[in-house]
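Order of appearance sets the numbers: ligands from 1, and atoms from 1 within every ligand.
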Amino acid sequence: MSAGSQPTDALGLRSVSIAYDRHRTVVDALNLDIRAGEFVAIVGPNGCGKSTLLRAIARLMRPASGTIMLDGRDLRDRTPRELARELGMLPQSNVAPEGVRVVDLIARGRYPHRGAFAAWTPDDETAVRRAMESTGVVDLAARDIDTLSGGQRQRVWLAMALAQDTGVLLLDEPTTYLDIAHQMDAMELFRRVNREQGRTIIAVLHDLNHAARYADRLIALRDGHVVIDGPPTEVLTADAVERVFDLPCRVIEDPETHTPLVIARARG
Ligand code: ADP
Ligand code: MG
């Protein structure tokens, strides 16, 4: 544990700025602490920098300035394999390789846990089986990934990320392509791995009502700045939604879960 970080912080961003080119800063001097075991939903309008932020945390992009700490240590201070044992990411879009079976793709999630020539272990087997069962893709095991529907494919990518068995899981719009029942299944699954396995979940979500139901903490970004941060029941107000999305709405209590439920106002 290095000085300056709390032992329980999974992630610490210190004045992190991220830019694609020198003239366009997407994330500007962001400070953020996420404790181990938190379930954080990140929301915000299209193009506000959600994916960019996740990519920087996954070290797929190098911030222009600032520091990202993971488990109290500078993110850069690791080999790619070490990083992949601690942090997994489901990107917003994935390219399905041709001619690869579902089970083999999910097994690739185990790569960081194995030595260069190490054999497949019972731990690998168990992790892959669990990931397939929990995402409901057992029946698809022998199919080629490129023959699946968008929703089936999304569940396979999710299984691969889960099989990686990392303490921190970054999910970029994980419920895209899923029908309503599979969306609920996926959200319940995230809650389960969060509560039962203590994994830290950071999920970019478009559905504010899902965010309110499942996340402990809601962070809203606008133009690369945090504009809302707190428990959904406290911070998800009509005023907040209007400020973040420019959308007039009402927020009522969800009769099922008693969490905030956002309803857009009729326009004109
Ligand atoms: P979000 O995920 O919140 O919708 P992104 O993080 O993908 O937004 O994008 C933030 C901003 O960065 C947008 O203005 C987008 O056009 C820009 N951007 C994203 N990816 C690239 C890229 N590869 N090169 C240049 N600009 C990009
Ligand atoms: Mg995005």
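- Leu11 pairs with exactly one of Asp33, Leu70, Val40 by the side chain to side chain contact (heavy atoms under 4.5 Å, CB included) rule, that one being Leu70.
- Of all protein heavy atoms, the one closest to atom 14 (O) of ligand 1 is Arg24 NH1, 3.7 Å.
- Residues Thr259 and Tyr214 bring no donor and acceptor atom of their side chains to less than 3.5 Å of each other.
- The distance from ligand 1 to the heavy atoms of Gly49 drops below 4.0 Å at these ligand atoms: 1 (P), 3 (O), 6 (O), 8 (O), 10 (C).
- Annotation: atom 7 (O) of ligand 1 to nearest protein heavy atom, Ser51 CB, 3.7 Å.
- Note on ligand 1: Cys48 sits in its first shell, one or more heavy atoms being nearer than 4.0 Å.
- Under 3.5 Å, the side chains of Asp123 and Thr126 contain no donor-acceptor pair of N or O atoms.
- With salt bridges taken as basic N to acidic carboxylate O contacts below 4.0 Å, one links Glu86 and Arg78.
- Every atom of ligand 1 is numbered from 1 in the order shown, and the set under 4.0 Å from a heavy atom of Thr52 is 5 (P), 6 (O), 9 (O), 10 (C).
- Of the protein's non-hydrogen atoms, the one nearest atom 4 (O) of ligand 1 is Gly47 N, 2.7 Å.
- By the 6.0 Å and 45° rule, Arg81 stacks over the aromatic ring of Tyr111.
- Coordination check, Ser51 versus the Mg ion (ligand 2): passed, since an N/O/S atom of the residue sits under 2.8 Å.
- Close approach of ligand 1 to Arg55 is summarised as follows: ligand atoms under 4.0 Å from at least one heavy atom of the residue are 20 (N).
- At a distance under 4.0 Å, a protein heavy atom can be found next to atom 11 (C) of ligand 1.
- Distances between N or O atoms of Asn46 and those of ligand 1 include no value under 3.5 Å.
- Distance check for Thr52 against the Mg ion (ligand 2): none of its N/O/S atoms falls below 2.8 Å.
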Subject >> Test log, rule side chain to side chain donor-acceptor pair (under 3.5 Å), inputs Tyr20 and Thr25 >> reply: CA-CA 7 Å; Tyr20 288 96; Thr25 300; over 6 Å; no
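- Considering backbone and side-chain atoms together, Val26 places no N or O closer than 3.5 Å to any N or O of ligand 1.
- For the pair Asp71 and Arg73, the salt-bridge criterion is not met [side-chain N within less than 4.0 Å of a carboxylate O].
- Distance from atom 18 (N) of ligand 1 to its nearest protein heavy atom, with residue and atom name: Tyr20 CE1, 3.3 Å.
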**OP:** Give the C-alpha distance, both sets of side-chain angles, the deciding distance and a yes or no for side chain to side chain contact (heavy atoms under 4.5 Å, CB included) between Glu242 and Leu247.
**Re:** CA-CA 5 Å; Glu242 175 134 25; Leu247 178 75; over 6 Å; no
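- The existence of a salt bridge linking Arg217 and Asp229 is confirmed by a sub-4.0 Å separation between a basic side-chain nitrogen and an acidic carboxylate oxygen.
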